[in-house]
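What follows is a short report on a single structure.
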Amino acid sequence: MSATTSFAQCSRIYYNCDASSQNHQTTGKRNENRNLVINRRFPKPARLILHDPSKLNEPSSLTRALRDFADSGLMEDALNLFDEMNKTDTFLWNVMIKGFTSSGLYHEALSFYCRMVCTGVKADSFTYPFVIKSAAGASLLLEGKTVHATVIKLGFFDSDVYVCNSLVSFYKKLGCVWDAEKVFDEMPERDIVSWNSMVSGFLAVGDGVRSLVLFKEMLRCGFEPDRFSIISVLGACCYMDWSRMGKEIHCYAIRSGVQAGDDVMVLTSILDMYSRYGEVSYAERVFKGMRNRNVVAWNVMIGCYARNGRVVDAFLCFQKMSEQPDVITLINLLPACEILEGLTVHEVHGYATRRGFLPHVVLETALIDMYGGCGKVKSAEAVFNRMAQKNLVSWNSMVAAYVQNGENYSALALFQELWDSSSSLVPDSTSFASILPAYAESLSLREGRQLHGYIVKARYDGSNTIILNSLVHMYAMCGDLEDARKCFGQVVFKDVVSWNSIIMAYAVHGFGRVSVCLFSDMIASRVSPNKSTFASLLAACSISGMIDEGWEHFNSMKREYGIDPGIEHYVYMVDLIGRTGNLSSAMRFIEDMPFVPTARIWGSLLKASRNHNDITVAEFAAEQVLKIEHDNTGCYVLLMNMYSEAGRWEDVNRIKLLMKSQGVAKTTSRSIVETRGRTHVFTNGDRSHVETNKIYEVLDIVSRMVDEEEDSYVHCVSKMRPETLLKRRSNSHREHSVRLATCLGLISTETGSAVLVRNNTRICRRCHEFLEKTSKVTRREIIVGDSKIFHHFSNGCCSCGNYW
DNA sequence: ATAGGGTTAG
């Protein structure tokens, strides 16, 4: 018989029988309950040295001995002694129940309570807090509610502040804050504990606002916050990102002396708060001022350095640690490894193994994240596959690791496995947020839409911010700006990610003006921008050629928002400056920036030099790119195209040979167009489609309509190069994959709707021109996504303004 | 003799 059943039975007995019949019933029951208790694993029975063996017979000594046993967690000894004692004394039962409760033996505590009730011993106001705490500890909602009913029924205790406080904490622990609040509201008198419980209760369910409101109400009612109040309310401040309030509380703690010179827990909470706000120097000051530092304080300080990018300090702090590191130390240290690349993750992993910290679900999940974050997807996979236990978070992390490293099909397979769920796990909002970028990357809009359908059908909260944010991103990157906008509209609580996503969405579609307006809306709605916000905003300005605004925002980042520009912001600025054609100014900008230039920085310069036809700068930029990434295909191709346009055929051949020697192959250009239920993929000059004839017929008609002056191009080239090569190259653009896909799109999608094509490479100039004209003569909107941005061709113009 | 607290992965 389980403790639960016996509890339910006892409750029934208690309600239905009068005292005499209760006594009658218990004789058999008692032994059953005792067996149950004794059969549980207890700490090894130890002989406790009693104060004076000769006084064992005196009642008070026995009682004292029982208390000593119970307080030391020696419950078997306590039980043996208890059996010899007078069982009508409520106090002795309370000692036993308390003993079980504080040893974490919640089921035994409840069984003992049942036994007590069945024996006819009256429970008192000291009994119930333990019983209720045990019900909470064992997560027995129904049993707890039964006790609640009993307490009300008995009428003596439902106004007892201790009993009520334990009920509040019971409901809070089981996630029923509203029930907790009801008990709290109906309490005839409340003490500081009641208030503290509710403040932390609201925080636990993520309602930081209510938590803070309640805290203020508590102050209004004249309660002085104690250390527990401070700790809870600081949590709420962090959660709500209200740094001013947090600092005020810190001041209050100092003033009121709650901090009491050296309360480790309070100080650690304050330390953690500054860490989360990114105020490293404040955190350091608090940490240095601590006289006693336990392992938790060290962990928080290490985590503070690690999460705020102070990698070296994180490791130094780890070395200086005066306490033995634990699992959490390593979990906190790991984010620092991501910046230092994979090697250190391996080292921490090895250290964890040597110290015997593994297996450990959270640490393993953190390792998966870190391996995934520094491109070691195989190592992440190895950790995941060897995990003894996996929870939903582990699955989500592995899916995210695949997605981050472009292994979208592996990600999808794993997500599918999770979805089909031979495991009993159910995908949550994070699962969807992890898999959705895979659809944005390489899978189809149709499938992304399908997944959206599943999410809606599976009744995930339609206003879930995390899911909607990823949907905004997915739709935008799949080319459907309209649906991205709709999803954004559905977000009730728009967070910084929501705004960043929609700003980036309009940016990559070439509507930078809209992005800038959205940024103003964001500021107006009092959401603070972060680094990514400015990355999106600068992307918008550079893609749409908004030079002055770009500079303005770049300068305001630090000045008005205190955000230091990162390398990603410099990349967009090089793009922006490069657009003006002032390449020497772009070079100076690169020289002056506080970072070592990355391949992407030089890539931006390369793109600018291509767009302004400056071969000298292009050669320099390409050289820099190849120093860092010798296998950067795009770089070779771009340079080759520039040489060939200039008629420098020896150089074209030189690059070709170079590519061959480096083992770099030109990326095969692919264009994808989706029709009802099917995805069609085209390569250049592709003739494999079932409707090839029709497609080429359409291409022919459209080409005539747009009256493409192919000859002028061929002529200008033919003056400079041999006949033989000319033949092979001259007309190839006419059958570029993007045109084939567009033609199929024109005849297989609804008239009036836009044709959507996705390309894995940059569109060539001639195709861009072709598409502009096609949009005019066919009166259709054509949207083409290339490797970087979306081109909206409409009525002869493109949203990119002819710069890409 | 009674209730309330701090650190970790997404």
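Atoms considered below: every heavy atom in the structure, side chains included; atoms not considered: hydrogens, waters and symmetry mates. In what follows, chains carry the letters A, B, and so on, assigned in the order in which the sequence lines appear, proteins first and then strands, with residues in each chain numbered from 1.
For the atom pair CG (A:Leu334) and CD1 (A:Ile302), the distance works out to 11.5 Å, reported to the nearest 0.5 Å. Atoms CG and CZ, on A:Leu66 and A:Phe91 in that order, are 8.5 Å from each other to the nearest 0.5 Å.
Side-chain rings of A:Phe384 and A:Trp395 approach one another, their centers coming within less than 6.0 Å. Aromatic pair A:Trp195/A:Phe184: ring centres closer than 6.0 Å.
To the nearest angstrom, C1' of B:dA9 lies 12 Å from CG of A:Leu392. Whole-Å rounding puts the A:Asp428 CG to B:dA9 P distance at 16 Å. Atom CD in A:Gln324 sits about 22 Å away from atom P in B:dT7, given to the nearest Å. Counting to the nearest Å, the P atom of B:dA3 and the CZ atom of A:Phe184 are 19 Å from each other. Rounded to an integer number of Å, the gap from A:Asn94 CG to B:dT2 C1' is 9 Å. Per the geometry, CG belonging to A:Asp89 stands 14 Å off P belonging to B:dA1, to the nearest Å. Between A:Glu364 atom CD and B:dT8 atom C1' there is a gap of 14 Å when expressed in whole angstrom units. Atom pair A:Glu323:CD and B:dT7:P shows a separation of 18 Å (rounding to whole Å applied).
Within the nucleic acid shown, A:Asp191 comes within 4.0 Å of at least one base atom, counting heavy atoms only. A:Asn294 comes within 4.0 angstrom of a base, heavy atoms only. Residue A:Thr430 is in sugar-phosphate contact alone, with no base atom involved, counting any heavy-atom pair closer than 4.0 Å across all strands shown. Base engagement by A:Asn391 is indicated by at least one non-hydrogen atom pair under 4.0 Å involving a base atom.
Remark: the A:Asp226 side chain and the B:dG4 base include a donor-acceptor N/O pair separated by less than 3.5 Å.
Judged by distance alone, the side chains of A:Tyr402 and A:Glu381 do bring a donor and an acceptor atom under 3.5 Å apart. Judged by distance alone, the side chains of A:Tyr371 and A:His349 do bring a donor and an acceptor atom under 3.5 Å apart. Side-chain contact check for A:Ser275 and A:Asp272: no donor-acceptor pair (N or O, by modelled atom type) lies under 3.5 Å.
Checking B:dA3, B:dG6, B:dT7 against every side-chain atom of A:Val193, the shortest atom distance belongs to B:dA3. Residue A:Ile231 has its side chain nearest to B:dG6 when only B:dT8, B:dA3, B:dG6 are considered. Between B:dT2, B:dT8, B:dG4, one nucleotide has an atom nearer to the side chain of A:Arg276 than all others, and that is B:dT8. Closest to the side chain of A:Val362, from the set B:dG4, B:dA3, B:dA9, is B:dA9. In this structure, of B:dA9, B:dG4, B:dA1, it is B:dA9 that holds the atom nearest to the side chain of A:Asp369. The nucleotide whose nearest atom lies closest to any side-chain atom of A:Ile192 is, among B:dA1, B:dT8, B:dG4, B:dG4. Of the candidates B:dA3, B:dT7, B:dA1, the closest approach to any side-chain atom of A:Asn299 belongs to B:dT7. Side-chain proximity of A:Asn332 to B:dG6, B:dA9, B:dT8: nearest is B:dT8. The nucleotide whose nearest atom lies closest to any side-chain atom of A:Ser269 is, among B:dA1, B:dG6, B:dA9, B:dG6.
At least one side-chain nitrogen or oxygen of A:Lys173 sits closer than 4.0 Å to the OP1 or OP2 atom of B:dG4. Residue A:Arg227 places no side-chain N or O under 4.0 Å from the OP1 or OP2 atom of B:dG6.
For the pair A:Phe91 and B:dA1, the ring geometry does not qualify as stacking, because the centroid separation below 5.5 Å and plane angle under 30° are not jointly satisfied.
In terms of the salt bridge (charged side-chain N to carboxylate O under 4.0 Å, His left out) criterion, A:Arg67 has no residue partners (sequence neighbours excluded).
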Under the rule of Watson-Crick or G-U wobble with both distances under 3.5 Å, where | means paired to another strand and [ ] a crossing pair, DNA chain B maps to ..........
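At distances below 3.5 Å, not a single donor-acceptor pair connects side-chain atoms of A:Arg307 with backbone N or O atoms of A:Pro335.
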